[in-house]
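Just below is one structure, and these are the notes that go with it.
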Amino acid sequence: MDRDELGAWLRLTLSPGVGNGAARRLLACFGLPQAVFQQTEAALLQCVAPAQARALVAVPPAWETLRDATWRWLEEAPQEPEGAARAVVTLGDPRYPQLLLDTEDPPLLLYLMGPAPLVAGTPFPAGRCLAVVGSRNPTAQGADNARLFSRALAEAGFTIVSGLALGIDAAAHEGALDAVSGASGGDAPATIAVVGTGLDRVYPRKNLGLAHRIAARGLLVSEYPLGTPPLAANFPKRNRIISGLSQGTLVVEAALASGSLITARMAAEQGREVFAIPGSIHAPQSRGCHALIRQGAKLVESAQDVLEELRLPGPAGAASQPASAPTDDPADETDSALLQALGFDPMAVDALVARTGQDAASVQVELLELELEGRVARLPGGLFQRLGRA
């Protein structure tokens with residue numbers, strides 16, 4: 001793509017009131033964007049409304065600045081993350097993912113950042129992407145589940161797609177990266193992060209290091225032009241790309257008002273599979289998953305459940321392993337009486353005192369010891385939760 005062609009695509013995306021649907025009609029009528037902008041207003045009226053035709057013949061004020069900044073971004077040798085390449089992929093580019101192209105509202109442009117061979121070759125593995133999404137404020141067990149499921153599914157050959165948000169998204173990306181740690185990399189990205197900002201920004205800033213790791217071993221993707229800040233409206237919109245790139249969407253933990261349910265709904269509307277991990281009936285972060293299961297989402301307890309539903313066995317041995325390896329019996333004979341009393345639901349100290357008959361000081365001391373051993377997590381609100389079971 002040369003500078004003029006890039007400029008024409010950017011102008012099309014910047015034209016006020018001309019959304020993706022109108023833009024696709026224009027491309028069907030006239031060909032490439034450069035040809036669109038050679039048309040008279042009268043000719044444009046064959047495809048779009050009068051207000052849209054007027055917008056198309058006027059040059060957007062920010063267009064030249066964005067074109068020049070984007071061209072420099074593509075041409076500059078990136079300083080960090082080391083080795084990351086950049087690209088802008090259009091609807092007509094053979095690198096554009098077919099699964100996303102088949103959805104109702106594919107973006108005109110995708111900005112990419114990742115390893116140079118991947119960006120220049122086949123960035124999006126056909127039929128081997130799975131979205132893993134969930135709460136920004138997960139329980140400790142939920143974050144562990146996201147990491148373990150993602151690692152197991154990545155080892156089985158899936159690219160894990162998520163949104164680089166705090167919580168479940170970050171844990172999913174990390175699990176997928178763990179699956180390729182120490183490896184030389186392959187033909188497919190370990191994980192794809194679809195973001196709601198321009199690729200010259202990272203949001204949230206807490207995930208800056210994670211974004212660098214993804215750009216080195218996976219792929220960062222955005223439909224938004226450079227300089228786009230983290231606007232609230234952008235994040236629900238980008239969810240259609242997360243689900244659209246994927247054969248299925250796994251919701252790990254989600255409250256009833258979670259944006260993850262938007263991703264799940266979009267996946268269902270796109271004809272993709274929806275999976276949900278059940279949780280405690282007492283945890284607000286489980287209610288969204290339970291609602292999805294009532295609506296027909298597939299209940300999953302291990303990575304194997306997902307692989308069997310998609311009928312895609314992974315490498316030998318990988319598909320048969322659960323996402324985590326707990327004992328089936330929560331009352332393991334090596335567990336303390338307090339740990340057995342705690343179970344796997346969040347619980348307050350006073351409830352544990354009542355269950356065990358121990359005094360509060362003894363319970364507090366043992367909880368601290370279990371927390372240091374990584375067997376118990378301290379949750380907000382003075383609650384504790386046992387770890388180690390998916």
Side-chain angles (χ1 to χ4, degrees), residues 10 13-23 60-62 65-66 69-70 73 100 103-113 131-139 142-143 146 160-173 191-211 214-215 219-246 249-270 274 284-285 287-289 291-292 380:
L10 291 174
T13 64
L14 289 178
S15 297
V18 179
N20 290 338
T65 301
L66 179 62
T70 305
W73 182 77
L100 184 59
T103 63
E104 184 178 348
D105 185 30
L108 299 184
L109 303 178
L110 291 173
Y111 297 77
L112 311 183
M113 182 184 289
V132 178
V133 298
S135 171
R136 286 174 169 80
N137 299 291
T139 65
I160 301 302
V161 184
S162 200
L164 198 66
L166 297 175
I168 295 298
D169 286 18
H173 292 306
T191 187
I192 296 174
V194 183
V195 303
T197 65
L199 282 191
D200 55 340
R201 303 184 176 210
V202 173
Y203 179 83
R205 294 295 294 175
K206 186 175 181 180
N207 283 345
L208 179 62
L210 177 59
I214 293 171
L219 201 64
L220 292 167
V221 179
S222 179
E223 69 174 313
Y224 296 108
L226 300 181
T228 302
L231 303 174
N234 289 353
F235 293 91
K237 185 179 179 184
R238 66 87 196 264
N239 290 353
R240 81 192 194 285
I241 301 177
I242 294 175
S243 60
L245 289 172
S246 308
T249 292
L250 170 63
V251 183
V252 178
E253 272 190 348
L256 287 173
S258 172
S260 303
L261 300 192
I262 297 175
T263 310
R265 174 177 57 78
M266 290 176 170
E269 291 172 352
Q270 292 163 346
V274 178
Q285 296 95 327
R287 290 174 187 161
C289 290
L292 289 173

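If you're wondering where the values come from, they're calculated on a predicted model, not measured in any experiment. Note: hydrogens, waters and symmetry copies are ignored here, and every other heavy atom, side chains too, is used. Along the sequence shown, the residues carry numbers beginning at 1.
Of all heavy-atom pairs spanning Leu220 and Ala211, the tightest one is CD1-O, 3.7 Å. Residues Asn239 and Gly259 approach most closely at ND2-O, 3.4 Å, considering heavy atoms. Here the closest non-hydrogen pair linking Gly163 and His173 is N-NE2, 3.7 Å. What you find for Leu199 and Leu226 is that their closest heavy atoms are N-CD2, 4.2 Å. Minimum heavy-atom separation, Ala254 to Ser260: CB-CB, 4.2 Å. Across all their heavy atoms, Gln285 and Pro138 have their closest contact at NE2-C, 4.3 Å.
Contact annotation: the side chain of Leu250 never approaches that of Val133 to less than 4.5 Å [non-hydrogen atoms, C-beta and beyond]. Residues Arg136 and Ile168 are not in side-chain contact: their nearest non-hydrogen atoms beyond the backbone lie 4.5 Å or more apart. Considering only heavy atoms from C-beta on, Arg240 comes within 4.5 Å of Glu223 through its side chain. Contact check for Thr228 versus Arg201: no side-chain heavy atoms found under the 4.5 Å cut-off. Side-chain contact between Val252 and Val132: present, with at least one pair of heavy atoms (C-beta onward) separated by less than 4.5 Å. Annotation: side chain of Leu109 is in contact with side chain of Leu10 (closest heavy-atom distance under 4.5 Å). Asp169 places none of its side-chain heavy atoms less than 4.5 Å from the side chain of Leu164. Side-chain contact check for Thr197 versus Pro229: every heavy-atom pair is 4.5 Å or farther apart.
The 12-atom threshold is exceeded at CD of Glu269, counting heavy atoms of other residues, nucleotides or ligands nearer than 6.0 Å.
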Q: May I have the step-by-step check of side-chain contact (heavy atoms from CB on, under 4.5 Å) for Val194 and Ile192, ending in yes or no?
A: CA-CA 6 Å; Val194 183; Ile192 296 174; 4.1 Å; yes
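Interatomic distance, OG1 of Thr70 versus OH of Tyr111, reported as 5.0 Å (0.5 Å rounding). Once rounded to the nearest 0.5 Å, the distance linking CE of Met113 with CG of Asp200 reads 8.0 Å. Considering CD1 of Ile241 and CG of Leu110, their distance stands at 6.0 Å, rounded to 0.5 Å. For the atom pair CG of Leu66 and CG of Leu14, the computed distance is 5.5 Å after rounding to the nearest 0.5 Å. Interatomic distance, CZ of Phe235 versus OG1 of Thr263, reported as 12.5 Å (0.5 Å rounding). Rounding to the nearest 0.5 Å places CD of Gln270 at 7.5 Å from OG1 of Thr249.
A donor-acceptor contact shorter than 3.5 Å links the side chain of Tyr224 to the backbone of Asn234. In this structure, the side chain of Thr139 engages the main chain of Gly142 through a donor-acceptor pair within 3.5 Å.
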